[in-house]
Amino acid sequence: MTQPTPALARICPACDGFASVAITLGGRTRTGARRTITAHCHTCHGTGTVPNLRALLHTAATAAFTRR
């Protein structure tokens, strides 16, 4: 019996799949928790993956060559 072929991961090249991170601001809240902010990758908008090349080319072509 053969193993199924795994899907190719489309990991974002800018963040390597770590799309959102928490950055500590220093200090703590009244309850003792650390004060943090969340930063998202600008390339993948916080998803960790990018669309495949065909979808990107289709989006670019429809934006550039609209029919009237």
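Just so you know, residue 1 is the first one in the sequence shown, and it goes up from there. Keep in mind the model is a prediction, meaning the values are calculated, not measured.
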So do V50 and P13 actually touch side chain to side chain, heavy atoms under 4.5 Å?
-> yes

Tell me, please, which residues at least two apart from H40 pass side chain to side chain contact (heavy atoms under 4.5 Å, CB included).
-> S20, T38

Smallest heavy-atom separation, I11 atom then G17 atom, equals CG2-N, 3.3 Å

Exceeds 12 heavy-atom contacts within 6.0 angstrom, atom CZ of R28 = yes

From H45 NE2 over to C12 SG, what is the distance, rounded to the nearest 0.5 angstrom?
-> 9.5 Å

Please write out which residues are connected to I37 in a hydrophobic cluster, directly or through intermediates, given that two of Ile, Leu, Val, Met, Phe, Trp, Tyr count as joined at side-chain heavy-atom separations below 4.5 angstrom.
-> V21, I23, L25

Residue set satisfying side-chain hydrogen bond (donor to acceptor under 3.5 Å, both in side chains) with T24, at least two apart, ordered chain then number -> none

